[in-house]
Amino acid sequence: MSDHQDSLAASTWLPLLTTRYMGRGQAEVLQEATSTNTLLKQMALSGAPAGSLCLCESQTAGKGRLGRIWHSPAGQGLWLSVLLRPRIQPEQAPLVTLCAALAMAQAVNETTGLDARIKWPNDLVLEGKKLCGILLEIGFAASGIDYIVVGTGLNVGRSAYPAELAHQATSIADHMTPPPRRELLVRYLAALEETITRLENDGFAALAEAYRARSCTLGSMVKVSGSEEFTGVAEDIDETGGLLVRDQTSVLRRVLAGDVSVRGVMGYV
Ligand code: BTN
């Protein structure tokens, strides 16, 4: 696909938007950024409205979870951050990660037919390898949540991954000729607006069934590492986004943070 056909210029996707507000605030579309999350946080602090976004062709300091660098080569992904100012309680903030994961899984599936699955809490995987990562950055005000920046890094094109990622990462181009990125963007924004609106109105219960259908974690054997280490079967998500795991003594344990490996996914056998 030529650069022109895969342009992310706002003029190519704004007319395709089906949303009420998502993608319709301020839009910063850049050739190169340090990190779209960092730039959008600055826009949030300057008063940008919900639905604003920042996206770019390449990031020089893309941020991953746990202080890691996010590999963001030019033209090979959807390096995108979206600004939310959701009407939810601070303790519900982790649920926004699940909303974004569900929205991106739906967008990938609707656009490509590929069976992207959600690895709790914030990865999308395809045939056991990571396709997309999600990084939330939250700003609080005295009254509660001021803003949430939802950053998504979706691998779309062909690129050489760093050696340490090669066996764990995948991209849409590893499976098919990728669609123009604006199609993924427009579907993601529509799905994100829907999942966030449902969360605001009815809580996670309104999304649980759709989430379960796209999850590769629920119903699977998982290994929990961190302060406590155990294995068990992931049974459910609770109302604040915690994972409920039945351990080998049949006790149901709630996992909030920490690393969860899912059998058969990203190298865990
Ligand atoms: C992870 O570690 O899995 C999360 C990766 C999130 C990467 C995206 S790319 C767009 C946005 N800007 C960043 O600096 N990070 C997120």
Side-chain angles (χ1 to χ4, degrees), residues 8 10 12-25 27 29 36-37 40 49-55 77-88 92-126 130-137 147-156 171-172 175-176 178-218 237 241:
L8 285 174
T12 67
W13 51 263
L14 267 174
L16 308 177
L17 280 185
T18 57
T19 55
R20 190 166 48 78
Y21 74 94
M22 207 66 83
R24 296 186 188 277
V29 180
T36 56
N37 266 30
L40 192 60
S52 296
L53 59 77
C54 180
L55 58 83
L78 197 55
W79 320 133
L80 164 72
S81 301
V82 179
L83 178 62
L84 305 178
R85 297 190 185 273
R87 291 178 287 106
I88 57 173
Q92 291 178 296
L95 290 166
V96 171
T97 303
L98 309 194
C99 289
L102 177 57
M104 190 58 93
Q106 288 173 338
V108 168
N109 183 249
E110 286 166 6
T111 312
T112 66
L114 295 172
D115 187 24
R117 301 257 140 196
I118 305 164
K119 176 182 170 289
W120 181 90
N122 46 5
D123 291 331
L124 283 198
V125 299
L126 196 51
K130 181 157 167 171
L131 179 69
C132 176
I134 298 171
L135 180 68
L136 246 59
E137 297 194 54
Y147 66 83
I148 301 185
V149 167
V150 186
T152 45
L154 174 71
N155 300 325
V156 178
S171 166
I172 291 176
H175 300 266
M176 62 185 290
R181 287 170 297 168
R182 62 178 169 277
E183 288 181 15
L184 293 157
L185 171 68
V186 163
R187 297 239 191 194
Y188 169 64
L189 292 172
L192 185 63
E193 182 169 289
E194 180 166 346
T195 57
I196 294 295
T197 304
R198 282 184 176 218
L199 177 67
E200 290 176 322
N201 292 343
D202 301 310
F204 188 67
L207 296 163
E209 198 181 326
Y211 184 89
R212 182 174 276 280
R214 291 247 139 250
S215 171
C216 67
T217 304
L218 295 178
I237 306 279

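Throughout, numbering of the chain's residues begins at 1 and tracks the sequence.
- A pairwise comparison of heavy atoms in Phe204 and Leu199 identifies N-CD1, 3.8 Å as the closest pair.
- One finds the CG atom of Leu95 at 12.0 Å from the CD atom of Glu200 (value rounded to the nearest 0.5 Å).
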Check against side chain to side chain contact (heavy atoms under 4.5 Å, CB included), Thr112 and Met176
CA-CA 8 Å; Thr112 66; Met176 62 185 290; 3.4 Å; yes

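- Ile148 places a side-chain heavy atom less than 4.5 Å from the side chain of Val150.
- Ion pairing between Glu183 and Arg187 fails under the 4.0 Å rule for side-chain N and carboxylate O.
- Using a 4.5 Å cut-off on side-chain heavy atoms (C-beta onward), Leu114 and Ile172 make contact.
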Verdict with supporting geometry, Trp120 and Leu98, side chain to side chain contact (heavy atoms under 4.5 Å, CB included):
CA-CA 8 Å; Trp120 181 90; Leu98 309 194; 4.0 Å; yes

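- Of all the heavy atoms in Arg214 and Ala116, the pair that sits closest is NH1-O, 2.8 Å.
- Note that OG1 of Thr217 and NZ of Lys119 are 6.5 Å apart. Values are rounded to the nearest 0.5 Å.
- A distance-only check finds a donor-acceptor pair linking the side chain of Ser81 to the backbone of Asn37 [under 3.5 Å].
- For the atom pair Ile196 CD1 and Arg85 CZ, the distance stands at 14.0 Å (nearest 0.5 Å).
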Walk me through whether Glu193 and Arg20 qualify under side chain to side chain contact (heavy atoms under 4.5 Å, CB included).
CA-CA 8 Å; Glu193 182 169 289; Arg20 190 166 48 78; 3.3 Å; yes

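- Put simply, the side chain of Leu189 reaches to within 4.5 Å of the side chain of Leu17, judged on heavy atoms.
- Of the possible polar contacts, one joining the Ser171 side chain to the Val156 backbone as a donor-acceptor pair under 3.5 Å is found.
- In plain terms, the two heavy atoms of Ala206 and Arg198 that are nearest each other are O-NH1, 3.2 Å.
- Between Val125 and Cys216 the shortest side-chain heavy-atom distance falls below 4.5 Å.
- Under 3.5 Å, the side chains of Asn122 and Thr97 contain no donor-acceptor pair of N or O atoms.
- In this structure a side-chain-to-backbone donor-acceptor pair under 3.5 Å is present from Thr111 to Ala107.
- The CE atom of Met22 sits 4.0 Å away from the CG atom of Leu192 when rounded to the nearest 0.5 Å.
- Counting heavy atoms from C-beta outward, Met104 and Ile118 have side chains that stay 4.5 Å or more apart.
- Looking at Cys132 and Asp123, their side chains never come closer than 4.5 Å, going by heavy atoms from C-beta outward.
- Pairing each heavy atom of Pro15 with each of Ala10, the nearest pair is CD-O, 4.1 Å.
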Verdict with supporting geometry, Val108 and Leu131, side chain to side chain contact (heavy atoms under 4.5 Å, CB included):
CA-CA 10 Å; Val108 168; Leu131 179 69; 4.2 Å; yes

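- Shortest non-hydrogen contact noted between Thr18 and Ala190 is OG1-CB, 3.6 Å.
- When every heavy atom of Thr195 is checked against every heavy atom of Ala103, the shortest pair comes out as OG1-CB, 4.2 Å.
- The closest side-chain heavy-atom distance from Tyr188 to Val82 is below 4.5 Å.
- Checking Leu53, Leu184, Thr36 one by one against Leu80, the side-chain contact (heavy atoms from CB on, under 4.5 Å) holds for a single residue, Leu53.
- Proximity of Leu78 to Leu8: side-chain heavy atoms (C-beta onward) are separated by under 4.5 Å at one or more points.
- If you take CD on Glu137 and CG on Leu40, they are separated by 9.5 Å, rounding to the nearest 0.5 Å.
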